[in-house]
Number of protein chains: 2
Amino acid sequence: MSQSPWQPISPPKPPRPAKAPLTRERIVDAAMRLIVEHGYDAVSMRKIAQELGTGPASLYAHVANKGELDQLLVDRAAQQMKLSDEPDPANWQEQVKDYMREMLRVMRANPGVARAAIGQVPLVEHAMLSTEKLLAILKAGRLPDQAAAWAADLLPLYVTAVSFEETVQNASNWTPADVERFVGEMRTFFADLPADRFPVTVALATALTAGAGGDERFEFGIQVITAGLASLAEPS
Amino acid sequence: MSQSPWQPISPPKPPRPAKAPLTRERIVDAAMRLIVEHGYDAVSMRKIAQELGTGPASLYAHVANKGELDQLLVDRAAQQMKLSDEPDPANWQEQVKDYMREMLRVMRANPGVARAAIGQVPLVEHAMLSTEKLLAILKAGRLPDQAAAWAADLLPLYVTAVSFEETVQNASNWTPADVERFVGEMRTFFADLPADRFPVTVALATALTAGAGGDERFEFGIQVITAGLASLAEPS
DNA sequence: ACCTGAACACCGTTCAAGT
DNA sequence: ACCTGAACACCGTTCAAGT
């Protein structure tokens, strides 16, 4: 119990604790690392805790639950969106498309975030700031208030759904060759269906399996939606 | 070991086993009952087994895994779609909308199915038959092959995403009064945001929270997409 | 061939106890 | 105030053993 004369023991205040203290920031960092590297299903409270060298219970001092963590991941991703353009009434349709392209780019860069985002109204700061930008573009395009508001719901819904689909498809790690083989099998499957019950499906077998991996299908989607919105714009 | 003289024991072949035998059909029945009554998260292999008075391992003789079961649930729902109309070139836009309305009706009648369907290409019989009908309508509308094929992907994607959103929102069992209170809170939240950073959001607070529960928002979505498709139709 | 119990390797969340 | 170990009530799936 007596202090050793040889060396001072247990210095009263070690300059810093060996472990960095747990923070909301560090928890989201770890979660983001896990989701990007191993997909949405790899993100569990337990895995995050393990990544941080602690137990799952420790996280609950900083994050209410898994749902809140999902929201924080969406916020992180939203922060990465580059949206510098001023709304331009003469160019609003192209700006809407660029917004959607940028959103898809960020979601692809953070696979699994789409899964965390889907079905949630994003009430976190950076997600709301990007929605604000989108609304400004839509109003510059002379859409009525109600159309602009619902469009600001429809557009991200579409991008998120597309990204989600890609995430599910790309689960595990398929090579481009695997994808091509799978698409080929699907085309054969469609083409070989009984033509009396599936006449159009058989006839369109090639078209139905085109543009699976690339951007053409997405470009088609944003073209359709943007053109539909344009038909609702008020005359200037 | 000797047989009792008092009564015949263990009659060699009881006319029928006490329990009805497990079948794929009965498993999907039980799963459908669970998903409709308690939502997607209530459907687990263990709960289904319990519902059928057996253990989870028994299901794997009839169903490969949870993913296949999800597909079977989607097929069951697709079977409920009423799609009697002949494709009518003069009326194809309204037919597309009716198709989407019918799909949403069935998904609302089977809450949780949207969650099972999202992100999966539906390669089950009845889902494919309904897709065939949709493709026929789109071709009647003189859409080019590629546009028809991608539209047959886009339209169900939108309906499924809307239904999924509703499912998440309606999780647990909110009364209409609860929904109204929540919408009111959200409107106040938007309206009270700092106007310098969120000018458009603040201005559109009412529009952004309109039509949350009802069909108006969905009607807007199908109007936009259908109008966008119409702009791609070939001249007749 | 079909069914079963038991086990494996996981989940999210809570809570009393520690510092 | 923050962190922890242990527990609670769950998951999907596998497998050797039974009939």
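Just so it is clear: chains get the letters A, B, ... in the order the sequence lines come, proteins before strands, and each one is counted from 1.
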* Check every atom of D:dG12, C:dG12, D:dC3 against the side chain of A:K66 and return the nucleotide holding the closest atom. => C:dG12
* Asked: Are more than 12 heavy atoms from other residues, nucleotides or ligands located less than 6.0 Å from atom CD of B:E216?
  -> no
* Examine C:dC3: is either OP1 or OP2 under 4.0 Å from a nitrogen or oxygen in the side chain of B:H62? Give yes or no. => yes
* Asked: Looking at D:dC3, C:dT14, C:dC3, which one has an atom nearest to any side-chain atom of B:P21?
  -> C:dC3
* CD/A:Q80: more than 12 non-hydrogen atoms of other groups inside 6.0 Å -> yes
* Asked: Crowded around A:Q50 CD? As in, over 12 foreign heavy atoms under 6.0 Å?
  -> no
* To do: Give the C-alpha distance, both sets of side-chain angles, the deciding distance and a yes or no for side-chain hydrogen bond (donor to acceptor under 3.5 Å, both in side chains) between B:D70 and B:Y40.
  => CA-CA 10 Å; B:D70 282 348; B:Y40 183 78; 2.9 Å; yes
* To do: Specify the separation, in whole Å, of atom CG of A:L34 and atom P of C:dC11.
  => 10 Å
* B:Q50 CD - D:dC10 C1' separation (whole Å) -> 12 Å
* Heavy-atom side-chain proximity of B:I222 to B:L155 below 4.5 angstrom -> no
* **Interatomic distance where CG belongs to B:L52 and C1' belongs to C:dC3 [whole Å]** => 13 Å
* Structure fact -> Winner on side-chain proximity to B:A57, out of C:dT14, C:dG12, C:dA6, is C:dA6
* Whole Å only: how far is the CD1 atom of A:I48 from the C1' atom of C:dC10? -> 15 Å
* **Nearest-angstrom distance from the residue atom CZ of B:R46 to P of C:dC8** => 13 Å
* Asked: Side chain of A:N65: nearest nucleotide among C:dG12, C:dT13, D:dT13?
  -> C:dT13
* Asked: Would one find a side-chain N or O of B:K47 under 4.0 angstrom from OP1 or OP2 of D:dC11?
  -> yes
* Identify which nucleotide among D:dC3, C:dC3, D:dG12 has an atom closest to any side-chain atom of B:S58, counting heavy atoms from C-beta outward. => C:dC3
* To the nearest angstrom, how far is A:L59 atom CG from C:dG12 atom P? -> 10 Å
* **Rounded interatomic separation in angstrom, taking CE from A:M45 and P from D:dC10** => 19 Å
* Asked: Can you list the stems that DNA chain D is part of, where a stem is at least 3 pairs in a row, each Watson-Crick or G-U, with both distances below 3.5 Å?
  -> C:4-8 with D:12-16, C:12-16 with D:4-8
* Does CD belonging to B:E185 count more than 12 external heavy atoms closer than 6.0 Å? -> yes
* Nearest-Å distance, CD1 (B:I27) to P (C:dC3)? -> 8 Å
* Qualifying residues under ring pair (Phe, Tyr, Trp, His ring centres under 6.0 Å), relative to B:Y99, sequence neighbours excluded -> none
* Which nucleotide, D:dC11, C:dT4, C:dC11, lies nearest any side-chain atom of B:S44? -> D:dC11
